[in-house]
Every structure is written in C-alpha cells, then in structure tokens.
Number of protein chains: 2
Amino acid sequence: MQKLQPKIKDVAHVAGVSTATVSRALTQPERLSESTREKVYEAIRATGYRVNKAARNLRTRRAGAVLVLVPNLGNPFFSVILSSINEVLAANGYSVLVFDSQQPSARGQVVSDYLLNGSVDGLITLDGNMSSAMGETLKSANMLRNVVFCCEWSDEMSLPSIRSDNALGARLAVDHLFSLGHRRIGHVTGPSDNILAQVRKAAFETRCAELGLSIAPDWIIPGDFSLASGALAAEQIAAMPERPTAVFCASDEIALSLISRCKHLGVSVPRDLSVIGFDDLEIAGFVEPSLTTIRQDRTRLGRLAAEELITRLNSVQPQEASRIVLAPVDLIARESTMAIGAESFPPNMA
Amino acid sequence: MQKLQPKIKDVAHVAGVSTATVSRALTQPERLSESTREKVYEAIRATGYRVNKAARNLRTRRAGAVLVLVPNLGNPFFSVILSSINEVLAANGYSVLVFDSQQPSARGQVVSDYLLNGSVDGLITLDGNMSSAMGETLKSANMLRNVVFCCEWSDEMSLPSIRSDNALGARLAVDHLFSLGHRRIGHVTGPSDNILAQVRKAAFETRCAELGLSIAPDWIIPGDFSLASGALAAEQIAAMPERPTAVFCASDEIALSLISRCKHLGVSVPRDLSVIGFDDLEIAGFVEPSLTTIRQDRTRLGRLAAEELITRLNSVQPQEASRIVLAPVDLIARESTMAIGAESFPPNMA
DNA sequence: GAAGCTGCTGTAATCGATTACATCGTGATT
DNA sequence: AATCACGATGTAATCGATTACAGCAGCTTC
C-alpha cells in the first residue's frame with residue numbers, strides 16, 4: 001500500500017499557499033512573486049506532484065492530444081511521417097493518438113467519437129478517403145477548423161492539406177525517362193480510388209501527351225501500391241508482345257518487387273527495362289540495382305502537417321479554410337534507369 | 001455560432017429522467033427497466049449527446065488509453081506490431097497513444113509524465129532499454145502492474161514480456177545452414193546494447209559450438225540492424241581472405257542490403273555466400289533472390305501484448321509479476337541460402 | 001490624506017460526468 | 001396487516017484542477 005498521488009491541495013498545504021497560487025505557478029509563473037514561486041516549486045518537488053490531466057482537461061475544455069488517422073499502419077511509408085508528426089506535437093505539449101483507419105471496428109463511429117467526446121483537440125489524417133458522414137460530423141462539432149490532411153486529401157472537402165507535388169513528380173519521372181531516350185513508357189498505378197494514384201496517373205498521361213508519346217492502353221497497368229501488385233505487373237509486362245522500354249511505378253514498393261520479379265522472368269533491369277519508383281523509401285538506395293525514384297520528403301510532410309495543425313489550434317481567428325502546401329519532390333537518379341540502347345555490364349559479370 | 005455539446009443534464013431533461021439514470025443507461029444498461037432505457041437512448045439520439053471523456057476520466061480515475069513506446073517509429077519492423085496492438089486495444093475501448101522513445105525531448109520525463117498524470121492506464125513498450133529512473137517512477141506510481149514488454153525486454157526488470165523465441169530462431173538459422181553443408185558461418189549482429197542482438201548472438205555462438213563449428217573472430221561482424229550496417233558488413237566480408245560460406249544476419253534489413261552490396265562487389269548470393277535474415281519483413285519474399293529468414297509473427301506479438309495488458313488492467317488481484325510469453329518463430333527457406341557446392345544457374349542466365 | 005493603481009494572493013464557483021445513499025412502489029412472507 | 005426484500009430511480013457529493021472575482025498592501029498622485 002502506498003500514498004495516493006498528491007493533489008494540488010497537498011502542494012498548496014506544504015507550500016503554505018492557496019491552490020490558486022499553485023495552479024498559477026504551473027500555468028502562468030510570471031504572475032507570481034519570485035519567492036512564492038520558488039516555495040511552490042519546492043513543494044512540488046517535495047511532494048512529487050503531477051497535475052491530473054483529466055481534471056485539467058475537464059476544466060480547460062482542451063485535451064492536449066491530437067488524433068492521427070493512418071490508412072494501414074503496417075505500411076512502412078507512413079511510419080516516418082508518423083514519427084515526425086510525433087516529434088513536433090510532443091515538442092508542443094500534445095500527445096499523439098493513432099488510429100488505423102482500415103480497422104474493422106466501425107471506423108466512422110470510432111473516429112468521430114474521438115473528436116466529439118473531447119479526447120482530442122484536432123485531427124491529422126493521412127487517409128484521403130474521408131466519408132461524407134464524417135465530414136458532417138466534423139462540421140457539426142465545429143471541428144473543421146482543426147483538421148489537416150497530410151499526403152493524401154479529398155477534393156470534396158476543402159480542408160488544409162500538406163502534400164507532395166505529385167504531378168511534378170510524375171512529370172519529372174517521365175522527363176527523366178524521355179531524356180534517356182525512352183519513347184515507350186508504361187505506368188503501374190496505385191488503387192483507382194486513391195487520390196494520389198489518380199493524380200500521378202493523370203500527370204503521367206498529360207506529360208506523355210505533351211511529349212508526343214503514344215501510350216498503348218495495356219502499358220497502363222492497374223496496381224495498388226503493394227509489393228504484390230508490382231510482382232503481378234512484372235508478369236504482365238514480361239508477357240507483352242510489345243513491351244514498353246521503361247515503366248513509371250506509382251510507389252517504390254511496386255517498383256522494387258517489379259524489378260525482382262523481372263529478374264526472375266529473364267527481363268533485366270535496367271538493360272531491358274528501366275524502372276522508376278515513387279517515394280524514396282530508405283531501402284531504395286540499398287537494393288541492387290538501386291532504385292531511381294521520386295523522393296518525397298516524408299519528414300517534412302509530417303512536420304508541416306503538425307505545425308499547420310498547431311497553428312490552427314492556437315489561433316483564435318479562423319485561418320484560411322483550405323490552405324494547400326505543396327512539398328517539393330526530387331528525382332533521385334540511381335541504377336534502375338538507363339539510356340536506351342546503352343551497353344552496360346552488370347558489375348557481377350565484369 | 002452553434003449550440004454547445006449537449007451534456008448529460010440535457011439528455012436527462014429530454015428523456016424526463018435524472019442524470020444518474022442517463023449515466024446508468026450508458027454504463028450499466030441492464031440495471032434499468034427497458035422502457036426507461038429506450039427513452040434515454042432516444043434522447044441521446046435526439047440530442048446527439050457524447051460523453052465527455054475528461055469528466056468521465058476524472059470521476060472514474062481511469063484514462064481509457066494506453067501508451068505504446070516505440071524505439072524509432074520510422075522503422076518498418078514496428079509498424080505492423082503497432083497496428084495489431086491498435087486493433088486489440090481499440091476493440092476493447094482503449095485509445096492508443098504512441099511515443100517515439102528515441103525522441104530528443106527529455107524522454108524519461110515525458111514518458112513518466114504520461115504515466116503519472118493519469119493520461120494513460122498502462123504502457124506497452126517495444127523498447128527494452130528502460131532507464132532505471134523510469135523503473136523507479138513506475139514503481140512509486142504503483143504502475144508496475146500495468147506495464148508489458150513486447151519484442152524487447154529488460155533483464156533487470158521483472159515485468160511481463162511477450163517476445164519471440166530468439167534463441168530458437170538463431171538455432172534454426174544455424175541448423176539450416178549446417179544441414180546445407182555450411183561449416184564456416186558468420187554473423188552480423190545488432191547493436192551491442194540491444195537485448196535481442198545479445199540473445200541472438202549468444203544463441204548463435206552456442207549452437208555453433210554444439211555443432212563443433214569454429215567461428216573465426218572476424219566472422220562476427222558488429223552491426224545495428226540497419227540497412228547501412230548490412231552494406232558495411234558486405235564490404236568487410238568481401239575483403240576477407242578467408243570468407244565464411246554463409247552468414248546469419250540479426251535482421252532482415254541487414255540481410256537485404258548485405259545481399260545487394262555483395263552483388264555489387266561480385267560476391268554472388270547464394271552461390272558464393274548463403275544469407276539468412278531475421279524477422280521476415282514483407283519485402284523478404286519479394287526480392288531476388290528472395291530471402292531465407294526467421295519469421296517473427298509480429299501480428300501475434302502485438303496482439304498478445306495488448307491482450308496481456310488488458311487482462312492486467314481489468315483484473316483486481318495482481319497477476320503473475322513477470323510472465324514471459326514466447327511466441328514461436330519459423331524458418332522460412334527461400335532462395336538466399338543453398339547447399340554448399342551445389343551448382344546453380346541464376347534464372348536470368350538459363 | 002484620500003483616491004486610485006498595481007501587483008500579489010485567496011475564496012469559491014465551475015467543468016461534466018459517476019455513484020453512494022436515500023426513496024419509493026410492489027409483491028412476497030409471516 | 002405488518003414486515004421485508006428488491007428493483008428502479010432520484011439527490012447530491014465527488015473527482016482535481018482552473019479562474020473570475022475579491023481583498024489587501026504598498027505606492028503614486030494631487
């Protein structure tokens with residue numbers, strides 16, 4: 001058996017002041033005389049006092065926490081983002097609640113509960129598929145001010161959004177391949193209901209058209225960002241009578257498994273097929289051949305999203321409703337793309 | 001401007017009952033007559049009422065939340081675990097707070113704050129390096145009952161721990177290589193202060209000794225689980241006058257980049273060197289050659305840890321102080337290991 | 001020296017739920 | 001008919017902080 005957590009009253013008693021003074025020492029120390037302040041600090045130290053979060057939250061009507069909605073927590077793409085979100089929020093005194101938006105538990109319900117029952121002050125969603133029901137919930141709870149999209153977004157909902165310049169990424173990819181002499185370029189897409197997949201595909205097609213490239217319909221291969229879909233795409237490409245000479249993949253995972261599967265099937269990358277990915281996962285630089293890709297600055301995306309939300313939470317006057325921040329992307333040229341027709345000897349045959 | 005969130009009083013008024021009755025309808029519906037219960041439910045629906053979490057938490061002295069401490073959130077190994085933890089906890093009405101234990105913010109302080117100020121009811125830590133200060137904190141807060149280690153653990157602290165059978169994993173790896181005829185086996189370790197790395201290395205050495213294998217000191221290569229350390233290890237192996245014919249890597253990330261780097265250096269896997277990893281990341285099955293590895297059932301690990309914690313939170317009488325649950329591991333034989341001396345033609349040269 | 005400031009601190013109301021205890025009606029028991 | 005038990009419901013205390021308001025001391029100002 002042991003003593004109960006000391007409360008503010010105990011501290012006040014030890015310090016010989018009122019609870020109000022203790023509370024002030026905690027939240028607005030500059031309003032106390034130095035001597036009282038020190039007395040209180042000393043009493044806090046002596047008693048081992050910690051403020052009770054629930055009591056504070058109840059009184060201040062704040063939660064000091066933010067919900068982060070992740071589509072598929074198991075996907076490594078998101079973890080770095082989550083990490084940087086965590087960093088910024090923690091530095092600003094907020095806790096981070098995570099929820100996997102693909103969780104079977106009736107998700108709309110659960111998420112709006114978080115928002116409505118005061119568990120969190122705001123929401124960062126990495127999932128662009130926000131149900132309209134949830135949009136309504138947010139609106140009715142006057143919570144729309146406290147939502148930020150990160151990476152993905154929804155066009156139907158005008159909310160602030162931090163995202164990579166996906167169209168630029170697709171353009172950079174096509175231009176890179178074009179400049180290497182490729183004229184027959186394929187694309188493995190992400191899931192058709194995903195906004196990122198849509199934008200990348202559209203930009204891919206636009207850019208190809210601008211460059212006067214004609215894309216055979218079967219060179220556009222539907223995928224879903226996953227490793228499995230990349231392997232499938234490789235099978236399809238290998239079986240084509242008229243193969244593209246290069247392929248732009250909507251994600252690094254697609255690209256990585258596509259390359260591996262191609263090797264299995266006797267299609268050599270980059271000699272027979274140049275491959276470019278999207279994301280720049282850490283492993284992209286550690287495979288053989290290393291992966292040419294479009295880098296998204298995931299750390300920055302997370303950080304910006306967290307900062308945007310904090311700004312909104314702290315400001316009294318409403319911010320610009322739907323601010324869009326485009327984070328730059330870069331082409332990282334590595335070994336999985338090469339000039340068409342160029343001779344090359346894989347290192348292990350030299 | 002819009003109406004404030006309805007409170008329990010409003011619901012009570014609409015339903016024509018007392019607040020106590022509304023509260024009971026929420027938490028112990030079986031104690032109400034059916035007619036009253038329905039009346040209350042109807043009023044809740046009509047008003048759009050949600051319980052205020054802070055008020056409930058204050059009164060019940062519970063938080064309905066669990067903190068998950070992750071060492072390096074950016075590491076894909078952890079995200080699947082986090083996902084399954086989230087699943088189980090969410091299904092049991094708990095929220096999940098995450099914190100990256102490698103965060104620069106004075107971590108000990110932050111974490112013990114979570115525990116002491118009532119923000120969370122318990123802790124699942126994937127980080128075995130628990131500072132003794134934090135141990136003290138937990139003890140003094142009577143929180144030791146509500147902590148569960150997952151994956152990693154600390155020998156100095158007798159707390160419940162859900163972990164893979166790491167020693168078995170190392171043994172399976174050695175036996176697999178041995179049965180393929182390998183007698184010169186190397187090991188790339190994890191960080192020396194990591195308990196998993198220690199156990200795997202010790203079990204590796206023990207098993208080698210049991211089998212009568214003599215391991216040259218420089219075949220034990222210090223690594224840190226990372227991709228970068230795998231590449232470095234490859235350089236070292238390639239430069240050895242007396243190379244091992246097989247190497248057991250303490251993580252899949254090490255193994256993957258080691259294989260790729262070997263290829264670069266003209267060392268062919270598995271022909272010149274068999275490689276076996278640990279973890280079975282999803283990508284292990286999608287690289288070329290695919291990776292032989294020791295599978296950890298990460299979903300199960302997360303689930304078990306969450307269930308263990310929930311049991312402890314729900315039970316009044318203290319549970320067995322330091323229950324250790326060993327989750328089984330499996331050898332997944334793929335292409336990165338082969339019998340020594342066996343002829344093989346990589347598929348792309350067939 | 002009275003009035004007015006200013007700076008510091010205390011008193012007590014308040015946030016919104018839960019729950020111990022009290023009350024009341026009803027049917028069973030003696 | 002009196003007593004008791006029991007189920008359903010209401011009254012009001014309580015959880016532990018924050019903060020509006022008030023009080024008070026010391027200084028300035030006229």
Side-chain angles (χ1 to χ4, degrees), chain A residues 3-41 43-44 47-65 93 113 115-121 141, chain B residues 3-41 43-44 47-65 93 113 115-121 141:
Chain A
K3 281 174 242 157
L4 295 164
Q5 280 291 322
K7 18 186 130 174
I8 203 168
K9 215 168 175 178
D10 303 318
V11 178
H13 187 250
V14 170
V17 299
S18 72
T19 62
T21 299
V22 177
S23 178
R24 290 194 190 101
L26 259 29
T27 55
Q28 19 188 353
E30 72 285 357
R31 289 196 41 189
L32 297 184
S33 75
E34 191 177 324
S35 66
T36 330
R37 199 190 313 145
E38 285 310 323
K39 244 187 327 186
V40 173
Y41 286 164
I44 289 178
T47 52
Y49 170 79
R50 300 294 163 96
V51 315
N52 178 308
K53 255 296 188 97
R56 169 179 283 179
N57 289 348
L58 173 58
R59 186 59 230 238
T60 59
R61 300 152 164 285
R62 286 173 14 98
D113 255 6
L115 299 170
L116 295 181
N117 72 17
S119 300
V120 300
D121 299 318
Chain B
K3 279 175 244 159
L4 296 164
Q5 281 290 326
K7 17 185 131 174
I8 202 168
K9 217 168 173 178
D10 302 320
V11 178
H13 186 249
V14 169
V17 298
S18 73
T19 61
T21 299
V22 176
S23 179
R24 291 195 190 99
L26 258 29
T27 55
Q28 19 189 356
E30 72 284 357
R31 289 196 39 188
L32 297 184
S33 74
E34 190 177 327
S35 65
T36 330
R37 200 189 314 145
E38 285 309 323
K39 244 188 323 187
V40 173
Y41 286 164
I44 289 178
T47 52
Y49 169 79
R50 300 295 163 97
V51 314
N52 178 309
K53 254 303 186 92
R56 167 178 285 180
N57 290 347
L58 173 59
R59 186 57 230 241
T60 59
R61 301 152 165 285
R62 288 175 12 100
D113 255 5
L115 298 170
L116 295 180
N117 71 17
S119 301
V120 301
D121 298 319

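Letters A, B, ... mirror the listed sequences (proteins, then strands); counts begin at 1.
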Enclosure of A/Gln28 CD (heavy-atom neighbours >12, cutoff 6.0 Å): yes
Closest non-hydrogen atom pair between B/Ala55 and A/Leu58, with its separation: CB-CD1, 3.7 Å
What integer distance in Å separates A/Leu26:CG from D/dT19:C1'? 14 Å
After noting the C-alpha distance and the side-chain angles of A/Lys7 and A/Asn52, does the key distance pass the side chain to side chain contact (heavy atoms under 4.5 Å, CB included) rule? CA-CA 8 Å; A/Lys7 18 186 130 174; A/Asn52 178 308; over 6 Å; no
Taken to the nearest whole Å, NZ/B/Lys53 to C1'/C/dG16 is 14 Å
Interatomic distance, B/Arg56 CZ vs C/dT19 C1' [rounded to whole Å]: 13 Å
D/dG16 OP1/OP2 closer than 4.0 Å to side-chain N/O of A/Tyr49: no
Take nucleotides 7-15 of chain D nucleotide by nucleotide from the 5' end and write B, S or -, depending on whether a protein heavy atom sits under 4.0 Å from the base, only from the sugar-phosphate, or from neither. -SBBBBBBB
Tell me the closest heavy-atom pair linking A/Ala12 and A/Thr19, and the distance in Å. CB-N, 3.7 Å
Give a yes or no answer on whether the side chain of B/Asp121 reaches the backbone of B/Ala63 with a donor-acceptor pair at less than 3.5 Å. yes
Report the distance from atom CZ of B/Arg62 to atom P of C/dT18, rounded to the nearest whole Å. 11 Å
Using a heavy-atom cut-off of 4.0 Å across all strands, would you classify B/Arg50 as base, sugar-phosphate, or nothing? sugar-phosphate
In whole angstrom, what separates A/His13's NE2 from C/dG10's C1'? 15 Å
Grab the CD-P distance between A/Gln5 and D/dG16 for me, whole Å please. 10 Å
For a quick test of reading the model, state the closest non-hydrogen atom pair linking A/Val17 to A/Val22 and the distance between them. CG2-CG2, 3.8 Å
